[in-house]
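One-based numbering, in listed order, for ligands and for the atoms of each. Numbering starts at 1 and runs along the sequence shown.
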Amino acid sequence: MQLIFKLGKNPLLSIAEIYSLMESKNIKFEVIIANKQILFIKLQSVVYIDILIKILGGVVEIFQVESIVDKEDARRIKTSEKINIDNTQFAYGTNIVKQNIKDFERKELDKPYVEAKNGMLPSKLAKIMLNLAITQDTQTIYDPFCGTGTILIEALIQGYRVIGSDISKDAVLGTKKNLKWASEEYSIQNKSEVFVNNASSLAEQLRNKDENISIVTEPFLGKSWSKPVQKNVRNAKIIASVDKLIQSSIRSLSKILKNNQRLVIIIPSFKTKHDIIYLKAREMEFGNLKKISIIPSDFLFENKLVNKLDKFDYYREKAVVRREIFIFEKF
Ligand SMILES: C[S@@+](CC[C@H](N)C(=O)[O-])C[C@H]1O[C@@H](n2cnc3c(N)ncnc32)[C@H](O)[C@@H]1O
């Protein structure tokens with residue numbers, strides 16, 4: 001079976017998501033062509049692309065390839081039944097599935113509890129991060145800064161047991177409401193647990209848990225930043241406290257992870273008028289956690305996509321808060 005994945009706005013992130021998903025489901029594949037628009041792969045087994053497209057967040061379309069034709073022959077094929085591979089070759093196929101944008105909008109707009117002041121994590125990104133965190137043994141997803149539960153909703157829909165915590169009682173109550181809403185909307189019966197906790201200390205509820213927990217989270221950003229950050233003492237203090245909170249949270253969260261389980265975390269950077277403020281947490285090593293890129297390095301090299309990959313960007317150039325996604329694995 002040959003498939004072409006049409007990649008979203010962040011092609012490397014989309015490719016990493018596909019690699020991670022395939023690995024977690026133990027689906028073997030080989031890459032035929034990769035570029036910034038598509039990932040063209042060959043699989044030994046048959047997969048259901050209508051299910052794959054529902055799981056993936058960073059893939060716009062999946063195209064099942066029947067044959068490859070040159071540019072000349074492609075002219076005779078309907079636009080809806082072909083996809084451009086590299087301007088000289090086209091793929092022909094009739095089984096094509098597209099991402100359901102309305103479903104993302106529904107989850108963002110229809111859930112009962114929203115909290116705009118913390119910045120809204122797009123459901124699409126929550127889904128991508130979740131897929132980057134899941135391994136073959138993952139049973140439970142934990143978000144220690146759960147806010148409105150965007151990440152947990154995605155995990156619940158994918159069939160995982162979910163645990164959330166937040167320092168704010170309102171966020172805990174709100175996440176409970178949102179998870180109840182998602183369970184009803186998507187007819188799910190998985191278990192969930194949400195409680196108040198400061199992410200920098202290990203929650204009692206999580207001590208000595210037997211299950212394999214993966215952690216997916218977007219930490220506290222200090223405040224809602226709408227304009228480029230002014231360099232002054234107050235902002236420097238806020239950013240230093242975010243840095244400290246993220247560092248201490250990563251240290252305490254690493255205790256929850258069993259070997260080979262992952263922590264996928266956004267570490268923010270902040271745009272000022274002339275430069276970018278980066279957190280120290282971004283460069284730090286955390287004991288028995290190692291940063292991984294998921295995409296094999298020979299793949300990156302052969303396809304000349306990037307030289308070094310230790311994080312994934314998810315922001316627009318003008319954004320004040322720049323989200324960088326780091327994947328840690330416990331060893
Ligand atoms: C950026 S928001 C997360 C938003 C979330 N991804 C969502 O989908 O709504 C950060 C959250 O961290 C919480 N928070 C702030 N400091 C915390 C701490 N020390 N421990 C745990 N949660 C904290 C805030 O209450 C807020 O809900």
Checking side-chain polar atoms at under 3.5 Å, does [X] have a donor or acceptor matched by the opposite partner on [Y]?
X	Y	value
Tyr142	Thr217	no
Lys28	Asn26	yes
Thr138	Asn212	no
Ser200	Asn198	yes

Residues clustering with Phe145 (ILVMFWY side chains joined when closer than 4.5 Å, directly or via others): Phe220, Leu245

Check: Arg282 side chain, Ile267 main-chain N or O, donor-acceptor pair, under 3.5 Å: no

Residues in contact with ligand 1, criterion: heavy atom under 4.0 Å: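 Lining ligand 1: Asn118, Leu121, Pro144, Phe145, Cys146, Gly147, Thr148, Thr150, Asp166, Ile167, Ser168, Asn197, Asn198, Ala199, Glu218, Pro219, Phe220, Leu245.
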
